[in-house]
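Quick notes on the structure that follows.
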Protein chains: 2
Amino acid sequence: MRYRIGEVARLSDCKVETVRFYEQMGLLPVPARSSGNFRLYNESQLGQLRFIRHCRSLDIPLEDIRRLLVSQKHPEENCADINQLIDEQIDRVESRMQSLQQLRKQLVELRSQCSGKMPTSSCGILQGLSDCACHYPAER
Amino acid sequence: MRYRIGEVARLSDCKVETVRFYEQMGLLPVPARSSGNFRLYNESQLGQLRFIRHCRSLDIPLEDIRRLLVSQKHPEENCADINQLIDEQIDRVESRMQSLQQLRKQLVELRSQCSGKMPTSSCGILQGLSDCACHYPAER
DNA sequence: CTTGACTCTATAGTGGCTACAGGGATTCTA
DNA sequence: TAGAATCCCTGTAGCCACTATAGAGTCAAG
Ligand SMILES: [Zn+2]
Ligand SMILES: [Zn+2]
Ligand SMILES: [Zn+2]
Ligand SMILES: [Zn+2]
């Protein structure tokens, strides 16, 4: 069974342009072509596309996905790299969560500076943003 | 007192290129020039740059910063827009936090599928990524 | 035979910078 | 006063992971 690009896109929940983009990035093998020059995919290529999409839903960068695909093609090798790659991804996610936590605190604090309908000249939010004590050069 | 670009960059904790970039984006007024064609900034422009940098540290997008700067220039207007803008920013941050929470859970679950040094052919992580039950078309 | 849905390539845009390349201006030191 | 170091200039391209056009070709149904 062979699929055209619109079908693999639908079957992997992504856009046609994205499939072409992955091909261009070398994440998908160059597909066969129909007589009318349409891309034709088989089950295995669809599987690889779904693999990529699933990785992307975990926010794994394309470069790391490339490494995972290479690992997949070497079934005899040790999988330590894969575990490390996921560990690094978890680290990235956790550190982003931490900075968002910080950010939220600062935004809520800022938001509390204004009660509502004021002239902008006395809006506590604008003032809080202007009276910035942090964006000064590091003291020496 | 007039500053050259390197100095305002240092005094607002950003890079020279970033200052030029903000000018190009219309977030900073076109500065005066010295006889040798160097940009020259005054205190008020430095203040505006620090305002922008502080907004950016709160991850407020440049478009929203532009709106804040416009509001600042109309001191008699009502500040409701400003409050709403910050509320929206808080919403964005919170929803990002939520999806990262989800992400972390999925990654930790995936990570637990592999105990350590296996051949990649039997690595639970690779298998978990391949046996994807989610990247299928929405059922009808 | 026409319509409409699909596909093709190539190119540019998104956001928020960052990093050159290849020159000119200024300032410090010998 | 020469040379070196450090600044600054413009313009362009790169980053990431797509997304969105434009303008053309392919194919099946009615
Ligand atoms: Zn207000
Ligand atoms: Zn600040
Ligand atoms: Zn493993
Ligand atoms: Zn999936």
Side-chain angles (χ1 to χ4, degrees), chain A residues 2-28 30-41 45 49-69 88-89 92-93 96 99 103 135 137, chain B residues 2-28 30-41 45 49-69 88-89 92-93 96 99 103 135 137:
Chain A
R2 319 217 107 195
Y3 310 99
R4 294 198 309 195
I5 196 168
E7 210 153 3
V8 288
R10 191 177 59 79
L11 291 172
S12 64
D13 193 26
C14 74
K15 306 209 167 183
V16 165
E17 292 89 346
T18 308
V19 181
R20 283 196 285 250
F21 171 74
Y22 290 153
E23 178 187 334
Q24 219 182 314
M25 294 297 101
L27 292 169
L28 281 176
V30 174
R33 295 283 181 140
S34 75
S35 60
N37 200 32
F38 288 6
R39 288 171 179 80
L40 294 178
Y41 299 90
Q45 291 163 331
L49 176 54
R50 278 208 271 246
F51 179 91
I52 295 170
R53 291 307 290 168
H54 193 73
C55 289
R56 286 297 302 135
S57 77
L58 296 172
D59 213 23
I60 296 173
L62 296 187
E63 259 318 301
D64 285 4
I65 298 175
R66 200 188 305 277
R67 284 167 53 199
L68 289 174
L69 289 169
E88 283 167 9
Q89 182 66 10
R92 275 196 291 268
V93 168
R96 254 180 298 165
S99 49
L103 208 53
H135 287 91
Chain B
R2 318 219 109 197
Y3 310 98
R4 295 197 309 195
I5 197 168
E7 210 153 2
V8 288
R10 190 177 58 80
L11 290 173
S12 63
D13 193 26
C14 73
K15 305 211 169 183
V16 166
E17 292 89 346
T18 308
V19 181
R20 284 196 285 250
F21 171 74
Y22 291 152
E23 178 187 335
Q24 219 183 313
M25 294 297 100
L27 292 169
L28 282 175
V30 174
R33 296 282 182 143
S34 74
S35 60
N37 200 33
F38 287 8
R39 288 171 178 80
L40 294 178
Y41 299 89
Q45 291 164 332
L49 176 53
R50 278 208 272 244
F51 179 91
I52 295 169
R53 291 308 290 167
H54 193 73
C55 290
R56 286 299 301 134
S57 77
L58 297 172
D59 212 23
I60 296 173
L62 297 187
E63 259 320 302
D64 285 3
I65 297 175
R66 200 188 307 277
R67 284 167 53 199
L68 289 174
L69 289 169
E88 283 166 11
Q89 181 65 10
R92 276 195 291 270
V93 168
R96 188 79 190 116
S99 49
L103 208 54
H135 286 91

Nucleotide nearest A/Tyr22 when distance is taken to its side chain, options D/dA20, C/dT7, D/dC18: D/dC18

So A/Ile65 and A/Arg56, side-chain contact (heavy atoms from CB on, under 4.5 Å) or not? Walk me through it. CA-CA 8 Å; A/Ile65 298 175; A/Arg56 286 297 302 135; 3.7 Å; yes

Write down the distance between CZ (A/Arg20) and P (D/dA22), rounded to a whole number of angstrom. 15 Å

Got B/Val93 and B/Gln89 here, is their nearest side-chain heavy-atom distance under 4.5 Å? yes

What is the distance from CZ of B/Arg33 to P of D/dC9, rounded to the nearest Å? 6 Å

Please name the residue in the list A/Leu49, A/Val8, A/Leu69 that meets the side chain to side chain contact (heavy atoms under 4.5 Å, CB included) test with A/Leu28. A/Leu49

Round to the nearest Å and state the distance from B/Met25 atom CE to C/dG15 atom P. 9 Å

How do B/Leu62 and A/Phe38 order along DNA chain C: which one's closest nucleotide is nearer the 5' end? A/Phe38

Starting at CZ of A/Arg10 and ending at P of C/dT7, how long is that distance when rounded to a whole Å? 11 Å

Please report, rounded to the nearest Å, how far the P atom of D/dC16 is from the CG atom of A/Asp64. 11 Å

Compare side-chain N and O positions of B/Lys15 against OP1 and OP2 of C/dA19 and report whether any pair is under 4.0 Å apart. yes

Does the side chain of B/Arg53 pick up a donor-acceptor pair with the side chain of B/Tyr22 at under 3.5 Å? yes

Given C/dC8, is OP1 or OP2 found less than 4.0 Å from the side-chain N or O atoms of A/Arg39? yes

Residue pair B/Arg56/A/Gly36 against DNA chain C: nearer the 5' end by closest nucleotide is A/Gly36

